[in-house]
Amino acid sequence: MHPSLTELISLLDLEEIETNLFRGVHPAGRQKRLFGGQVIAQALVAATKTVEIEKIPHSLHAYFIRPGSWKMPILLEVERVRNGRSFSTRRVLAIQDGEAILSMDISFQVKESGLEHQMRDAPSFKPPKEDEMVDGLKKRPFLSFRENHKAKMEPEPQSPEQHIWLKANGRVSENHLMHMALLAYQSDEALLSTARLPHRGSYLSEELQGASLDHSIWFHHPVNVNDWLMYWLDSPRTGNARGYTRGEIYNANGLLVASCIQEGLMRTV
């Protein structure tokens, strides 16, 4: 397991400091605002610690309220909104310096059988070989590979769509909740960059303010981050200084295992 993945998993091992109250810390070398995927993953873990073990998350909806600071831990306060026979609901506030930086609702469900369909298969790409990875990406918690990655680096307008292969940079234990938390972390990685693709060459990077505003995930099927997953992203619309992006996550067999939606700030200054 790569040290960056080991560190990420340790960040998801939250300290319980009181009933419904947990403390989360940050990567040791972090010296800029926190990565939104980290806060989402930690909030998800906090919520799961208050739910019966037979229920698993099926959806979460988060709002980023303030930038997170690397200078202090996060307090994660869980509200037990509802406990039902099939579903349970939790609300999590992530707090720093007395103010909320994130609010997130999570719904949990027992495993049930029912009607199933899938509208489309994943793109017919093959998972990459690790020797195709860009060296810098091999030092992160997840390995990732963009189809047509060289073209995506060109400074010219492009179609707002990306296909990214990803998997954990090491072997993760068979704890299915950990796999879901890790996927939640990684799901925040490329949404904003997809919304920016049609605008390449029309702005200077240092003059564009970007930040995640909200983030939703639906878990359709158990996920396994030890195997390659395809993240299919597109951005149907940008406007009013915001970019709207959708993401679908498929396993290597073409099964849709999770879906994401995010709006992000795209403000030129």
Criterion side-chain contact (heavy atoms from CB on, under 4.5 Å) on L12 and Q38, from CA distance to verdict: CA-CA 9 Å; L12 300 179; Q38 173 200 319; over 6 Å; no
Heavy atoms from other residues, nucleotides or ligands near CZ of R120 exceed 12 (cutoff 6.0 Å): yes
Donor-acceptor pairs are to be reported for all side-chain atoms of residues 67-77 against protein atoms at under 3.5 Å, with residues two or more places apart or in another chain.
from: S69; atom 1: OG; to: K71; atom 2: N; distance (Å): 3.0

Residues which pass side chain to side chain donor-acceptor pair (under 3.5 Å) with Q31, listed by chain and number, not counting sequence neighbours: none
Interatomic spacing from NZ in K167 to CG in L183 - rounded to 0.5 Å: 15.0 Å
Nearest heavy-atom neighbours spanning A94 and V39: CB-CG1, 4.0 Å
More than 12 heavy atoms from other groups under 6.0 Å of CD on E18: no
Check: N169 side chain, R140 main-chain N or O, donor-acceptor pair, under 3.5 Å: yes
Student check: side-chain heavy atoms of I106 and L44 closer than 4.5 Å: yes
S59 vs S107 side-chain heavy atoms within contact, under 4.5 Å: yes
Pair E16 + R23, salt bridge at N-O below 4.0 Å: no
Six-ring centre of W232, R246 cation under 6.0 angstrom, axis tolerance 45°: no
Value rounded to 0.5 Å, distance of CE in M230 from NZ in K126: 13.5 Å
Hphob cluster co-occupancy, V81 + V92, side-chain heavy atoms under 4.5 angstrom: no
Evaluation steps, side-chain contact (heavy atoms from CB on, under 4.5 Å), between Y231 and H163: CA-CA 6 Å; Y231 201 3; H163 302 112; over 6 Å; no
Which residues share a salt bridge (charged side-chain N to carboxylate O under 4.0 Å, His left out) with R91, sequence neighbours left out: E79, D105
Sub-4.5 Å side-chain heavy-atom contact between V257 and H220: no
E116 atom CD, over 12 foreign heavy atoms within 6.0 Å: no
P141 side chain near Y185 side chain, heavy-atom distance below 4.5 Å: yes
Heavy-atom side-chain contact between I101 and I95 under 4.5 Å: no
Heavy-atom donor-acceptor pair, S235 side chain to P160 backbone, under 3.5 Å: no
R146 side, atom CZ; I164 side, atom CD1 - distance, nearest 0.5 Å: 4.0 Å
Criterion side chain to side chain donor-acceptor pair (under 3.5 Å) against N20, the qualifying member of K49, R90, R80: R80
Side-chain donor-acceptor contact under 3.5 Å, S187 with H215: yes
Shared hydrophobic cluster for L229 and V172 (ILVMFWY, side-chain gaps under 4.5 Å): yes
Any donor-acceptor N/O pair, Q42 side chain to L11 backbone, under 3.5 Å: yes
Test item: H179 side-chain N/O and S173 main-chain N/O as donor-acceptor pair under 3.5 Å: yes
Hydrophobic cluster identity match, I40 and L93, side-chain contacts under 4.5 Å: no
Beyond-backbone contact of F22 with T50, side-chain heavy atoms, under 4.5 angstrom: yes
Spacing of CH2 belonging to W218 relative to CG belonging to L60, to within rounding of 0.5 Å: 9.0 Å
Within-4.5 Å side-chain heavy-atom neighbours: F145 and E147: yes
Distance (rounded to the nearest 0.5 Å) between T89 OG1 and Q109 CD: 11.0 Å
Candidate pair H26 and L34, rule side-chain contact (heavy atoms from CB on, under 4.5 Å), full reasoning: CA-CA 8 Å; H26 321 307; L34 300 181; 3.4 Å; yes
Minimum heavy-atom distance L14-G24, with the two atoms named: CD2-CA, 3.9 Å
D97 atom CG, neighbour heavy-atom count above 12 within 6.0 Å: no
Linked, directly or transitively: I65 and L213 (ILVMFWY side chains, under 4.5 Å): no
Within-4.5 Å side-chain heavy-atom neighbours: S193 and Q162: yes
Short side-chain donor-acceptor distance under 3.5 Å, E99 and Q96: no
Connected via hydrophobic side-chain network under 4.5 Å: I217 and F35: yes
Over 12 non-hydrogen atoms of neighbours within 6.0 angstrom of CZ in R237: no
E156/R200 ion pair, N-O < 4.0 Å: no
From OG (S212) to OH (Y63), nearest 0.5 Å: 13.5 Å
Short side-chain to backbone donor-acceptor contact, N224 and N226, under 3.5 Å: yes
Identified side chain to side chain donor-acceptor pair (under 3.5 Å) partner of Q262 from the options D188, D214, T245: D188
